[in-house]
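Each remark here refers to the structure printed beneath this line.
Here is how names work: the chains are called A, B, and so on, in the same order as the sequence lines, proteins then strands, and each is numbered from 1.
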Amino acid sequence: MGTRVRFSPAPTGYLHVGGARTALFNWLYARHVGGTFVLRIEDTDAANSRDELIEGIERSLRWLGIDWDEGPHRQSKRVELYAEAVAQLLAGGHAYYCDCTREQIEARTGPGGGARYDGWCRDRGLTSGAVRFRSPDTGQTVVPDLIRGDVVFEHSTIEDFVIQRTDGSAVFLLANAVDDVDMAITHVIRGEDLLPATPKVLLIRAALGAADVPVFAHLPLIVNEKRQKLSKRRDDVAVEEYRERGYLADAMRNYLVLLGWSPGGDEEIMGLERMIAEFDIVDVKPSPAFFDVKKLEAINGEYIRALPVATFVRDSLPWLEMDPPWPPEQFDLAVFERVAPFVQERARVLSDVPALVDFLFLDEPKTDPDAWEKGVARVPVAGDLLDDALAAYHECDWNPAALHEVTAALGERHGLKLAKAQAPIRVAVTGRTVGIPLFESLHVLGRERTLERLRRARERLSAP
RNA sequence: GCCCCCAUCGUCUAGCGGCCCAGGACACCGCUCUUUCAAGGCGGCAGCACGGGUUCGAAUCCCGUUGGGGGCGCCA
């Protein structure tokens, strides 16, 4: 029988970057070995079983290029299976009813006793309530792990845990065990935070009579700068959010695959084919990895630059059309296309794009005060420079080469290198000291609009 | 408190006993190219947590210490 893996998120409404990495590794492994990738939604908690929460996850998976061969199976639709399993465990003496409340348990175990359940109801013979799994008192369970080797858990350290709630619904541990058997999962690839739950699942599995045990691969956690597991509250964890900020799916995927794994050789920018060809779960490192947005950005920049210009233009459109810093009707795609190659080289995320071209679609450039100060106000000859530019631009040919030549010449007249001479003009026309190449910008902007902006800047400079 | 995992530059990693006085990438710092900024080119800074073993030889194997993290819910 072939390799079968599964990605089984709880529906939270969005795909967490940690979940995305887990999904990716499962998927890559399945593709690498020619196995089957199953998507299963672990929505045993009724409150989280809403369709829209699941759609968010599916959307992000698709965006990353991760497709599934089976599913999505939903645990909320498989409740009979779990009920049968619980009945079987109850009948076999592997489980028992319990009506203890959290408070009662803590009152008994006392301070320092930890949160472990004390087995109070083991032999009370109750016939209703929650159902607990009866953990063996002796022996051990070995979790075979491709990344960490065998991990051994003493049964004496495993409490009698709940497998079915008082309302009759199954808890994740039970559903998980039942489904992995039922779906014939051969490799369980998931986050390291689930490692302590694994012996419990294995115990249920054995009690249910499953003969075999899947192979596990507990992936290293993705952590924040404080070296803690990424949390929704403090960290940016939603894949969707990165998408909205202008990260490309290919770049995101490339970055994620590098968290805990690396290809052979020195080149870490790689396409899907190479990823699939080289990825193997046994090569994944066991230690946690910091989610470094700086590096994600760098990789994203590389991917943006590698795009064909037409693709870059198309991909940028959402950022140019949705909530742009200029009146929407003033946007001109043809104009954008002319400067796109220059923009492409400077954007690290697509959300950088509008600010690089806003001066082209605004009646007046948004002038940054610092830029004005540094680029114009504090330049002694700025006024003369602007006057000269005004005169020269009035006459000269209107193309980048001519503008370059003319501007260099008027700079020389004031003993300035072009680098210095262009600054006041750039600020006057674009509002900033930095940006895409100036002469190309002027060329695209047009003579009239350029002259108008230079005039206004000149006036502003003379004003007290 | 108990259980478990982890440990190479700031970060992601290569390294799986000699090829390593440790290689690449990001970040950072110079220089260069240059119409600014980017991009590119060149160079630099920076690491095997510590202590014991094993071995002719250890970043690599073993033990311990320290440090970090995860888990212990009628969440998943």
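- Between A/Ser262 and B/C12, a side-chain N or O to OP1/OP2 separation shorter than 4.0 Å is absent.
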Give every pair of a protein N or O atom and an N or O atom of nucleotides 60-66 of chain B that lie under 3.5 Å apart, one pair per line with the distance.
none

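- In this structure A/Glu278 satisfies the salt bridge (Lys or Arg N to Asp or Glu O under 4.0 Å) test together with A/Arg274, sequence neighbours excluded.
- The side-chain hydrogen bond (donor to acceptor under 3.5 Å, both in side chains) contacts involving residues 131-147 of chain A comprise A/Arg122-A/Asp137, A/Asp123-A/Arg134, A/Gln140-A/Glu154, A/Thr141-A/His155, A/Asp145-A/His218, where partners must be two or more places apart or lie in separate chains.
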Legend entry - Base versus backbone protein contacts along nucleotides 27-47 of chain B [heavy-atom cut-off under 4.0 Å; B, S, -]: S-------BBBBSS-------
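- For residues 414-423 of chain A, every residue pair satisfying the side-chain hydrogen bond (donor to acceptor under 3.5 Å, both in side chains) rule, not counting sequence neighbours, is listed here: A/Asp388-A/His414, A/Gln422-A/Arg426.
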Are any protein N/O atoms closer than 3.5 Å to N/O atoms in nucleotides 4-6 of chain B? If there are, list each pair with its distance.
residue, atom, partner, partner atom, Å
B/C5, O2', A/Arg148, NH1, 2.5
B/C5, O2', A/Glu192, OE2, 2.8

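- Residue A/Asp193 has its side chain nearest to B/G70 when only B/C74, B/G70, B/U11 are considered.
- For the C1' atoms, the distance linking B/G68 with B/U32 amounts to 42 Å, nearest Å.
- When the ring pair (Phe, Tyr, Trp, His ring centres under 6.0 Å) test is applied to A/Tyr96, no partner is found at least two apart in sequence or on another chain.
- Screening residues 371-385 of chain A for side-chain hydrogen bond (donor to acceptor under 3.5 Å, both in side chains) gives no qualifying pairs among residues at least two apart or on separate chains.
- With rounding to whole Å, A/Ile299 atom CD1 is found 8 Å from B/A25 atom C1'.
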Show which side-chain atoms of residues 246-259 of chain A pair as donor or acceptor with protein atoms under 3.5 Å away, not counting sequence neighbours.
residue, atom, partner, partner atom, Å
A/Asp250, OD1, A/Arg253, NH2, 2.7
A/Arg253, NH1, A/Leu64, O, 2.7
A/Asn254, OD1, A/Met270, N, 2.8
A/Asn254, OD1, A/Tyr303, OH, 2.5
A/Asn254, ND2, A/Glu268, O, 3.0
A/Tyr255, OH, A/Asp292, N, 2.6
A/Tyr255, OH, A/Asp292, O, 3.4

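- Put simply, the side chain of A/Thr166 and the base of B/C74 share a donor and an acceptor less than 3.5 Å apart.
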If you look only at distance, which donor and acceptor atoms sit under 3.5 Å apart when one is on a side chain in residues 9-19 of chain A and the other is two or more places apart or in another chain?
residue, atom, partner, partner atom, Å
A/Thr12, OG1, A/Tyr14, O, 3.1
A/His16, ND1, A/Gly18, N, 2.8

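- Contacts of residues 377-390 of chain A with RNA chain B (heavy atom under 4.0 Å): none.
- Within the structure, side-chain hydrogen bond (donor to acceptor under 3.5 Å, both in side chains) contacts touching residues 336-349 of chain A (residues at least two apart or in different chains) are A/Glu297-A/Arg348.
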